[in-house]
Amino acid sequence: MHPIRAHRRILAAALVGTAVEFYDFYIYATAAALVFGPLFFPAESAAAQTLFALMSFGIAFVARPVGAVAFGHFGDRIGRKSTLVASLMLMGGSTLLIAFLPTYAMAGWIAPALLCVLRFGQGFGLGGEWGGAALLAVENAPKGWEARFGAAPQLGAPVGFLAANGLFLLLGLGLSDADFAAWGWRVPFLASAVLVGVGLWVRLKIGETRAFREAVEREAPPPVPLARLLSHHLGAVVAGSAGVIACFSIFYLATAYALAQGTSTLGYSRETFLAVQLAANCFLAVGIVLAAIHADRASPRRALLIGAVATVVLGLAFGPGLNAGSLWLVFATLAAALLVMGYVYGPLGAWLPTLFPVPVRYSGISVAFNGGGIIGGAVTPVLAQMLAVEGLGAQAGLLLSVAGLVTLLGVSLAKVWPSAA
């Protein structure tokens, strides 16, 4: 039987969780770019409101490493499956509750405070999501299929992106701006409950990974996996964190930041720009698949190095392309960005686990992945928006070049753990 067919339930469980993750995160990113500023953050200017909204978006990236430590602890001690179920429930529950929040006009300062608390809950749950999903796939992969199996969680990204982007597009076409601002933005958060239910149904039907079972049979799990991780594998954590910065930077500049700029400074309609992003998103899926195939034929490290170099080049063209005044050039810029992202994102599921031994692997890849997310996913869009406020939006792409250089350095210096080679 073909490996993918033989392990279809495992791959579906890995993909579904990450699809929910990116759906949840993208609907927040989209709402932050479009309506959260005036609804939750009163300020003197629209640019300042958008900046505050994007800063609330960044809260989850601070929460992610905290969640990575917590879920990594239990993932290394009690197993991958149950930890993944818990992380999905927390992440999905936080997203659903955002749909019921009062606005600043209704509740004053309580409204943005509650929004930030739930955003923290999203990030905390997500901290344990990607690492567990990647291990679920990779630790069950046949020899020679590690990168392709490890790409299953990554393919959840364009799936979740398409679902979120498509729903916002439909809402934009069917609702007036007033209705969308009044109540339409709540619909995607309510709809997340359906996706979470599907994810839980799939995950409750799978078993524990073979690698974890074998590791537990050889020795008892460490009492505090994080302590062992930081005392014996700190270099791998730092290198791994550097290795993921480029993928986060590209995704959130090509989605949340680009949407905010496109619908404000650049003057495109919300529906038009969402449609362009929807089409460009297909190139992310293509990049992930190509990178995974390349990684299995060569190595995940080599595929990531190619992606990092491409990110440096992308950064030089991103700002001018986005601000060129042509919708076709905007599409080409976003499509190229997401294609390159596939190369710095697709191989991560196979590369990061090679840096750590099984007893601390869940903690290791979760902390590294989410640590890099703070810089790539939270700091980069805020810095880009600050440049835009100062009239320097065309230079924002240079942040991608810096991110590419950091990832290039991290991947180059990382050492493969002997038993994972």
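For clarity, every value in this text was computed on a predicted model and none was experimentally measured.
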Quick test of your reading: applying side-chain hydrogen bond (donor to acceptor under 3.5 Å, both in side chains), list the pairs with at least one residue in residues 232-251, sequence neighbours left out, ordered by first then second residue. S249-T380

Return yes if some donor-acceptor pair links the side-chain N/O of R77 with the main-chain N/O of P222 below 3.5 Å, else return no. yes

Shortest non-hydrogen separation from F283 to A279 and the atoms involved: CD1-O, 3.9 Å

Run the numbers on V406 and L409 for side chain to side chain contact (heavy atoms under 4.5 Å, CB included), then give the verdict. CA-CA 5 Å; V406 174; L409 183 64; 5.8 Å; no

Check ion pair E129-R203 (N to O, under 4.0 angstrom): yes

What heavy-atom pair brings L348 and Q154 nearest, and what distance separates the two atoms? N-NE2, 3.9 Å

Reference residue L284; test side chain to side chain contact (heavy atoms under 4.5 Å, CB included); the match among L338, V289, V340: L338

Run the ring pair (Phe, Tyr, Trp, His ring centres under 6.0 Å) test on F124 and F71 for me, step by step, so that the C-alpha distance in whole Å, both residues' side-chain angles and the decisive distance to 0.1 Å come before the verdict. CA-CA 9 Å; F124 190 88; F71 286 107; 5.7 Å; yes

Can N370 and S366 be said to form a side chain to side chain contact (heavy atoms under 4.5 Å, CB included), step by step? CA-CA 6 Å; N370 293 292; S366 296; 4.3 Å; yes

Are any non-hydrogen side-chain atoms of L266 and L322 less than 4.5 angstrom apart? yes

Non-hydrogen atoms of A147 and D296 that approach each other most closely: N-OD1, 2.9 Å

Is the count of non-hydrogen atoms from other residues, nucleotides or ligands lying under 6.0 Å from R213 atom CZ greater than 12? yes

Between F331 and W328, how do the two ring planes meet: parallel, tilted or perpendicular, split at 30° and 60°? perpendicular

Report yes or no: does Q395 contribute a side-chain atom to a donor-acceptor pair with the main-chain N or O of A384 at less than 3.5 Å? no

Steps toward side chain to side chain contact (heavy atoms under 4.5 Å, CB included) verdict (T333, F318): CA-CA 6 Å; T333 301; F318 185 83; 3.7 Å; yes

Tell me whether the count of non-hydrogen atoms from other residues, nucleotides or ligands lying under 6.0 Å of CZ in R186 goes above 12. yes

Could you walk me through whether T95 and Q122 pass side-chain hydrogen bond (donor to acceptor under 3.5 Å, both in side chains), step by step? CA-CA 6 Å; T95 303; Q122 274 189 321; 2.7 Å; yes

With a 4.5 Å limit on heavy-atom distance, are the side chains of Y345 and I250 in contact? no

Plane angle bin for F189 and W185 - parallel if under 30°, tilted between 30 and 60°, otherwise perpendicular: perpendicular

Exactly one of F168, Y23, F36 clears ring-ring contact (aromatic ring centres under 6.0 Å, His included) with Y28, and that residue is F36

Centre-to-centre under 6.0 Å for Y362 and F356, is that the case here? no

Could you tell me if R270 sits above the aromatic ring of F180, with its cationic atom closer than 6.0 Å to the ring centre and no more than 45 degrees from the axis? yes

Determine, step by step, whether V16 and L195 satisfy the side chain to side chain contact (heavy atoms under 4.5 Å, CB included) criterion, reporting the C-alpha distance in whole Å, the side-chain angles of both residues, the deciding distance to 0.1 Å, and the verdict. CA-CA 8 Å; V16 167; L195 296 177; over 6 Å; no

Minimal non-hydrogen separation, M91 against V20, with atom names: CE-CG1, 4.3 Å

Below 30° counts as parallel, above 60° as perpendicular, anything between as tilted: where do the rings of F369 and W130 land? parallel

Are any non-hydrogen side-chain atoms of L383 and L387 less than 4.5 angstrom apart? no

P300 to A350 - nearest heavy-atom pair and separation: CG-CB, 3.8 Å

P225 to V360 - nearest heavy-atom pair and separation: O-CG1, 3.7 Å

